[in-house]
Amino acid sequence: MPTTCSACGTSPAALRRPRTGHALCRACFLAAFEEETHRAIVAGRLFRPGETVAIGASGGKDSTVLAHLLQLLNQRHGYGLHLVLLSVDEGIAGYRDASLAAVRRHHHRSGLPLHVISYRELYGWSMDRIARHLGPRNNCTFCGVFRRQALDRGALLLGADKIATGHNADDVAETVLMNFLRGDVGRLRRGAGAGTAGGEGAVPRCKPLRHAYEKEIVLYAYFQGLDYFSTECVYAPQAYRGYARTLLKDLEAARPSAVADLGHSGERLSLRSDLRLPARGTCQRCGYVASQPLCKACVLLEGLDRGLPKLGIGKHQRLRDKLRDGQPLTEEERRRLGAPAEADGEVPEQQEPGGESGVQDKERGGRNLRGPRDLDF
Amino acid sequence: MAAPMSLVVEFGGGAELLFDGIKKHQVTLPCQPEPWDIRNLLKWIKQNLLKERPELFIQGDTVRPGILVLINDADWELMGELDYKLQNQDNVVFISTLHGG
């Protein structure tokens, strides 16, 4: 029962587009996908000629398609952009090294410059080391927070004017669902928009593929023969986003436009005017954008360095205040913050910053606490 | 009555990890009374190829949502999905979309 392409009317159709239900042949699909991305870039005024754009490149399907498309459209439509691949090495053995290999292959094939920035050099902690201290849950909290900063710091190093990430329509829809399900009104307000304005150590970002269905990104990559890496991160199975993803996939099966519609709803949410929401300021320690006195990354790192890895997970404001005031914590309080149990039941001395080895940060590879304007690595 | 048939079955996008990491499988389906359609192919794959965690590949009698199916490089939604009657030398590709990008 072959269907004919509804665009060219000659070739047999290769896919049914989820949002419209139109059947397109391979060539017409590729052309439509490229043209739609171009129109989204132009309509969203995402870039200006002469800008340096750092493409967040993980080696996965979305960022591979994004990098391929930006390079192609930059050339075809004369955007006048200087494109760079920016990769973050979180230090997840077996996962990140394999996907970075895919980025390097892309870099060699495309000729786009590549810069890799690692958590170890930025923070002194790899994700594998964090997971050993934290356990199987909540790793994604650390990783997401650290990666956001890592991309900004890498982009600043490169002199990039913008960061482009490969988030697709499914990612946006999942985020809207997650924020609703968790009552995260602050994120709902910030969430589904076209990008961020930047400022306070953050480089403006955009998501050129935010209207593209994940299915179409996969098929675009498949039909173009693009080489990408795909394995689930070993820490991801415990992540809350997985539940939102499963829900979204079931919703999409019943009504394919649900993916686009959720993003549409998210972008148009208006909140009650009497709500008190966090204001945007800067971190007292590192100068990065923050809604609290310390940015999330600094709180998380402080927890890791003090042997209290859950300091930044969950609500521990009273205990954080105790630490800040130099008061000792009880054994039970320390355990609540994720400290390993003491065999002899004595309350241990509070650990010096610098973590279990007591070695200065610099020797471990340097957590740079200075602000983004002071980067020297 | 279905005659025995030769197919190429491919797994990508991470789905191959459920099949010993092997992406391309040359498959011969035996003669059987029921016709060979995708529905029955899935049952056969579950019994004969799937090495672990069937719930990551199959949900009920169809593929888990998020797994794309291509038959001879065309979206199975255009070919009747589970009801498509397989033909000798067909190429069926299962691509998982369920991983980070």
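Throughout, a chain's letter reflects where its sequence line sits, starting with A, and its residues are numbered from 1. Worth saying up front: this structure is predicted, and the values here are computed from it rather than measured.
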A.B. asks: Can you name the nearest heavy-atom pair linking A/A13 to B/A74, along with the distance?
C.D. replies: O-CB, 3.9 Å
A.B. asks: By a 4.5 Å heavy-atom criterion (distance strictly below it), what part of B/I71 contacts chain A: side chain, backbone, both, or neither?
C.D. replies: neither
A.B. asks: Among all residues two or more places apart in sequence or in another chain, which pass the salt bridge (charged side-chain N to carboxylate O under 4.0 Å, His left out) test with A/R109?
C.D. replies: A/D227
A.B. asks: Within the 4.5 Å heavy-atom criterion, are B/V93 and A/Y222 side-chain neighbours or not?
C.D. replies: yes
A.B. asks: Does atom NZ of B/K23 have more than 12 heavy-atom neighbours from other groups under 6.0 Å away?
C.D. replies: no
A.B. asks: Could you note down all residue pairs passing salt bridge (charged side-chain N to carboxylate O under 4.0 Å, His left out) where residues 18-27 of chain A supplies at least one of them, sequence neighbours left out?
C.D. replies: A/R26-B/D73
A.B. asks: Which residue is it: A/N168, A/D170, A/V218? I am looking for the one with a side chain to side chain contact (heavy atoms under 4.5 Å, CB included) to B/T97.
C.D. replies: A/V218
A.B. asks: Side chains of A/K61 and B/I95: closer than 4.5 Å at any heavy-atom pair?
C.D. replies: no
A.B. asks: Can you tell me how far apart CG (B/L68) and CG (A/L15) are? Round to the nearest 0.5 Å.
C.D. replies: 9.5 Å
A.B. asks: Taking atom CG of B/L17 and atom OG of A/S230, what is their separation to the nearest 0.5 Å?
C.D. replies: 7.5 Å
A.B. asks: Closest approach of A/K249 and B/P65, non-hydrogen atoms and distance?
C.D. replies: CB-CB, 3.6 Å
A.B. asks: Measuring from atom CG of A/D250 to atom CD of B/Q59, what distance do you get when rounded to the nearest 0.5 angstrom?
C.D. replies: 5.5 Å
